[in-house]
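Since the structure comes first, as structure tokens, the remarks are kept for the end.
As a basis for the values below, the full set of heavy atoms in this structure was taken, side chains included, without hydrogen atoms, waters or symmetry mates.
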Amino acid sequence: MGTLIGTTIEWYDFFIYANAAALVLTPLFFEPFVASYGELAGRLISFATVGVSFIFRPLGAAVAGHFGDKLGRKAMLVLTLVLMGGATTAIGLVPDFSSIGMWAPILLIVLRILQGFSAGGEWGGAALMAVEHAPAHQRGRYGGFPQIGVPVGMLIATAVLSIVTATTTEQQFLDWGWRVPFLLSVVLIAVGMAIRLGVAESPVFAGADDEKPRVRLPLVQMFRFNGPQVLQGALTFAANNAAGYMVTGGYVLSYTTAELGMDRATILNLVTLTSAAWVVTTMSGAILSDRIGRTAVYKIGFAVLLVWVFPMFWLIDTKSVVLTALAMLVFSIGIGFSYGPQAAMLAEMFPAQVRYSGAGLSYAFGAILGGAFAPMIATWLQAAFGSTAAVSAYLFGLTVIGMIAAFTIKDRTGKSLGADALDIPGAAKLTAAIDR
């Protein structure tokens with residue numbers, strides 16, 4: 001539960017920004033670009049600031065992974081929560097361009113970098129704390145809790161934004177209403193800290209010293225012996241992340257309101273509904289992976305995405321609320337099944353001594369390749385080609401790559417995670433190097 005609560009809060013912070021970028025940040029922080037180059041340029045730059053934070057995720061994953069593999073998972077989870085919450089609250093206090101000029105977007109980008117750094121370090125620690133506490137036959141189920149923290153965070157973020165939108169006028173929302181969800185992060189961080197400080201250290205990490213000596217430079221050793229596994233994990237996540245960020249990264253919200261003229265409050269409600277469905281499909285995929293294997297569930301999820309990426313936008317382009325809801329709900333099956341097993345699968349791909357570094361960096365690199373600039377790329381593709389078919393083709397290509405990567409992964413569902421598990425790729429060579 002500690003991993004779920006903490007991850008939910010961290011991703012609430014992250015998604016609040018993504019939704020704000022789709023709705024209000026362009027006129028408030030990037031007005032000169034709009035005046036000089038038009039509304040499209042302003043939206044592209046606003047979405048680019050969403051992507052900037054992803055570039056710093058690998059740094060956060062590397063730092064947190066290094067110390068998480070040396071000092072423990074728990075300390076890193078507390079640190080990343082504080083960093084994310086502080087940056088999010090500060091965004092709610094940054095004056096807009098009309099008040100401080102170019103300092104406004106500069107401060108916004110600096111705070112986004114801090115968000116990206118903390119998000120990069122957060123996921124690996126949360127995933128391992130859940131999976132390494134789990135019975136071998138229930139790792140998928142336990143690992144599903146930090147996974148559903150992402151859609152739950154999105155659900156809360158969108159719900160809060162919907163409430164603020166519904167209770168303020170258009171001008172009030174632009175003046176101060178958009179800041180309220182950011183400032184609420186202070187309360188959520190206090191709750192998350194209280195819960196995370198009470199979580200025990202991972203038993204696998206705590207017992208690793210009794211089995212093998214601690215690795216002095218986990219990051220170096222991880223790349224030396226487990227580089228291929230990082231690539232496999234990154235490519236599977238890239239496909240899922242790009243697809244997921246069509247909804248969670250603000251693209252669908254921006255496209256339906258700015259291009260199709262649909263009602264903002266209605267679309268926010270649909271995104272909230274989709275987030276709730278994503279919670280169910282993610283946990284279902286996680287639990288199913290304990291029965292049929294991690295990679296098998298991934299393949300099902302990717303198959304759904306391949307079939308649905310074109311029909312989804314065909315339905316959205318009808319401007320029908322009902323058909324748009326249907327499009328997004330079916331889409332949630334694909335992104336849920338290709339996300340739910342991730343924590344357990346990545347944990348089972350890396351030796352215990354370098355697991356935080358390996359899992360965290362797989363996640364961080366996958367985010368850069370997939371979701372980092374997906375909303376911006378989708379916005380540009382739709383404008384350049386005048387059709388969402390180009391967006392669907394982009395997602396289709398990434399999903400094919402993810403499917404191929406899933407077929408290359410050695411499935412270790414339910415097998416040992418201990419430091420003596422030599423069937424993990426690279427584990428035997430790592431153990432030999434440590435013993436020398």
Side-chain angles (χ1 to χ4, degrees), residues 1-23 50 81 84-85 88 115 119 122-123 126-127 130 143-167 177-178 180-185 187-189 191-192 195 240-241 243-254 256-257 263-287 301 312 321 324-340 342-343 367 371 375:
M1 185 57 70
T3 58
L4 168 61
I5 299 297
T7 307
T8 296
I9 293 169
E10 290 238 21
W11 288 101
Y12 164 86
D13 292 346
F14 209 80
F15 289 135
I16 278 293
Y17 186 92
N19 282 334
L23 294 176
V50 175
L81 186 65
M84 177 67 87
T88 303
Q115 280 191 321
E122 155 67 21
W123 182 85
F145 284 100
Q147 298 302 99
I148 65 171
V150 180
V152 170
M154 178 65 181
L155 179 64
I156 297 173
T158 309
V160 169
L161 207 54
S162 296
I163 292 170
V164 173
T165 300
T167 55
W178 69 272
V180 172
F182 289 94
L183 298 176
L184 283 176
S185 185
V187 178
L188 297 177
I189 293 304
V191 174
I195 294 172
N240 168 272
N241 200 228
Y245 257 69
M246 290 301 98
V247 178
T248 64
Y251 174 70
V252 168
L253 177 59
S254 174
T256 52
T257 55
D263 178 65
R264 181 173 65 191
T266 299
I267 299 301
L268 279 171
N269 288 335
L270 292 185
V271 172
T272 302
L273 178 63
T274 304
S275 299
W278 189 18
V279 172
V280 175
T281 60
T282 297
M283 201 64 194
S284 298
I287 294 171
M312 181 180 78
V321 173
T324 298
L326 174 64
M328 294 166 68
L329 288 173
V330 174
F331 194 61
S332 74
I333 298 172
I335 59 177
F337 272 51
S338 57
Y339 191 62
Q342 184 180 51

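Not counting sequence neighbours, the partners of L184 by the side-chain contact (heavy atoms from CB on, under 4.5 Å) test are Y12, V160, V180. For S332, there are no side-chain hydrogen bond (donor to acceptor under 3.5 Å, both in side chains) partners two or more places apart in sequence or in a different chain. For L273, the side-chain contact (heavy atoms from CB on, under 4.5 Å) partners are L329, not counting sequence neighbours. Listed by chain and number, the residues in a side-chain hydrogen bond (donor to acceptor under 3.5 Å, both in side chains) with Q115 are T88, R112 (sequence neighbours excluded). Considering only residues two or more places apart in sequence or on other chains, Y17 meets the side-chain hydrogen bond (donor to acceptor under 3.5 Å, both in side chains) condition with T49. Scanning for side-chain contact (heavy atoms from CB on, under 4.5 Å) contacts around A343 gives W123, A127, V131, Q147, with sequence neighbours left out. Every side-chain contact (heavy atoms from CB on, under 4.5 Å) that V321 has, sequence neighbours left out, goes to M262, T266, L270. Every residue two or more places apart in sequence or in another chain was checked for a side-chain hydrogen bond (donor to acceptor under 3.5 Å, both in side chains) with T256, and none qualifies.
The shortest non-hydrogen separation linking T257 to L253 is OG1-O, 2.6 Å. Contact detail for T282 and P151: the closest heavy-atom pair is OG1-CG, 4.3 Å. Heavy-atom minimum distance, A276 versus L155: N-CD1, 3.9 Å. Pairing each heavy atom of I335 with each of G244, the nearest pair is CG2-N, 3.9 Å. Taking each heavy atom of A119 and M84 in turn, the nearest pair found is CB-CE, 3.8 Å. Of all the heavy atoms in G177 and V164, the pair that sits closest is O-CG1, 3.2 Å.
Atom CG of N269 and atom OG1 of T274 lie 10.5 Å apart (nearest 0.5 Å). Interatomic distance, N241 CG to S338 OG, rounded to the nearest 0.5 Å: 10.0 Å. Atom CZ of F337 is separated from atom CG of N240 by 13.0 Å, given to the nearest 0.5 angstrom. With values rounded to the nearest 0.5 angstrom, M154 atom CE is found 9.0 Å from I16 atom CD1.
Screening residues 263-272 for salt bridge (charged side-chain N to carboxylate O under 4.0 Å, His left out) gives E170-R264 as the qualifying pairs, with residues at least two apart or on separate chains.
Judged by distance alone, the side chain of T281 and the main-chain N or O of W278 form a donor-acceptor pair under 3.5 Å.
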